[in-house]
Every structure is written in structure tokens, then in C-alpha cells.
Amino acid sequence: MSARAIPACLLLSGCMGTQSALAPAGDQARALFSLLGLMLWVAAAVYAVVIAGLGWALWRAWRRRGADARGEAALLRGTDAALTRALPLTAGAIVLGLTVLITGSFFADRAVFATRAGPALEVRVTGHQWWWRIQYRDPAGGGWIETANELHLPQGQTVRLVLGAADVIHSFWVPNVAGKLDMIPGRTNRLDVTARRPGWYRGQCAEFCGTQHAHMAFDVRVESPAAFRAWLAAQVAPAAPSAGRGAAVFQATCAACHAIRGAGAAGRAGPDLTHVAARRSLAAGTLAMTRGNLQGWIAQPQAIKPGTSMPQIPLTPADADAVAAYLATLR
Ligand code: CUA
């Protein structure tokens, strides 16, 4: 069975998907996938050697049981002797297998965590309980702009992810694209990733970080460099906010924690909402981005994600709806 046949088998058993180390879409994930293939080959070889050795020992003992009246005792003695003779072969197979695994692991590790000189793009990703602050540099030189819970990567380009944490230890993991790396408060980790296959993937925090650890996910979009540039240009642009009840309620109630560039909101405690409606999901991958879900999240955050920093704000249903309608215009 070739390494390529593994995804075929798992596809049949339903293990493939947008969050899977078995469907690599980038160089680093492919190196890990190759290491998995190597491990399976070595394990299969060990299994084959053990089964063949046992079969051989039994067969020899069976042949030599001879005219002994107590044939079973002879069978056991013969098996024992044959297994003893097979010891050097077993030891050799173990040494060879471990050497192959260590060598493969060494090169996979180098491929996954190598940092190259001068990557084209640097993206800051900071873990928060329980969401992801994501910052891109304005290509025009205007500093860093901010988004949340959605990482865009240009296909075929090496991107340096600068990983940090604001509160507790989190772990960055997009299995289709890269290996996982911890995000540690007070420390900066770097992970170079090269995505190859366009599509939507799912990232997930891989270090237990509190009650909503399971709901600390994010969307990853791998797209052509042209589509990526267009997306980044749209993110860099300030919001085009509408006026009205929703905007007024947001400014009075939400702006202390959330920023909307171009609308006078500059809170930093929660996710930047400048282009929130252009995202695929909200509440860190918990809900699909629809106006109904926006309203539900605004009205009942503690019911949807108990313990979230987003407080239960006593808005009237009409005001929650107005804020949702306002945010839905921020594309
Ligand atoms: Cu963040 Cu688990």
C-alpha cells in the first residue's frame, strides 16, 4: 500500500476533511504526512517479521515433534529453541526500524520547523481565551491592521506566523497546512507555512486553555496570490458604517471592547469588527456568520459559549437586532 492509498482508505471511512492531517494542503503538513506513512511502513514490516518468525518457529517445532509420546512438550521445547535462534534477527529488525524512524523524524522535524530567510509575508496570531487576534501588515506601509478568527494565506508563498498568547498557553494548529506550535504568554514563536492547495480549512487550539477550549477554532482560507491581495486590500480599507439605531447602540454599548476602524470604535479587549460580516464564522468558529446568529450571539453570548469574555448585555430584542443588522453591513 502506498502512502497515497492511506487517504483513499480514510476517505472511505469518513476521516478526511477540512481539519485533517491526512489531507495535506501545504509543505509542512505533507512532511508530517510522509512521516506518518513511513511509521506505518515500519510498523507493518515489524508486524510481518513477527508473524513470519512465529509461523516459522511453529512449523519447525511441529516437524520435529517426532515420535515423542509427549509430542506437546516437544512442540513447546522446539518452539522455544527456534525463537531463541530468531533473537538476533529480531534485535536487528528493531535496531533497523528505530534507525529508519529516527532518521525520518529528524528530517520531518527540519521540514516542519525550518524558518527561511525573509519570508514574503509575516502574520501575527495571538491566542486569547477563546479567540484569535490576527494582524496583517498594510502593504502600503500603514502599520498593522487587525482581524480575528480567520487566517488568509496566499497559495504557494511562505508565510511567517508570529505566534503569541495574551493570557494562558494556547496552541496553533491547522492540521491540513502545518504542524502545531504552542503560543506562550511572554514569548514569541515563529512558524513558517507554505500552503499549496486552495480551499477552506479549520484551525483549532490544541492546548487546553479553559472551559471553551473546544470552541477556540478559526477558519483558514488558502487562495491565489491575486485573491489574497484583493482580500487584504479590502481588510486594510476602513469600514463603511451605516448610521442609525444599531450604530448608536454599538457605540454606546460595545465600542469599549471592540474596534471598528472608520466608525470611531477603538476597543481592544475583543475581536476587531471592522469587516466582521465578511468572515465565515463568528465566536471563533462556533457559529456560521449569518445575521440571525449575530443577533443570537449578541443577545445570549453566555448561553452559546459559557464563560466567554463577551458579557451578557441587557439589550432589548429590538436593540440586539439593530446591532446585528448594523454589523451585518460591515463587509
Ligand atoms: Cu486556546 Cu485551547
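When a ligand or atom number is given, it counts from 1 through the structure's own listing order. These numbers come from a predicted model, not from an experiment.
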How long is the straight-line distance from CZ of Arg261 back to NE2 of His275, given to the nearest 0.5 Å? 5.0 Å
Inspect the contact between Arg291 and Asp321 and indicate whether a charged nitrogen and a carboxylate oxygen are less than 4.0 angstrom apart. yes
What angle sits at atom 2 (Cu) of ligand 1 between O of Glu207 and ND1 of His213, to 10°? 90°
Below 2.8 Å, can you find an N, O or S atom of Met216 next to atom 1 (Cu) of ligand 1? yes
Under 2.8 Å from atom 2 (Cu) of ligand 1 - does any N, O or S atom of Cys205 fall there? yes
Please name the atom of His170, restricted to N, O or S, that is closest to atom 1 (Cu) of ligand 1. ND1
Interatomic distance, CG@Leu273 vs CG@Leu282, rounded to 0.5 Å, equals 10.0 Å
What distance do Arg124 atom CZ and Leu161 atom CG have between them, rounded to the nearest 0.5 Å? 13.0 Å
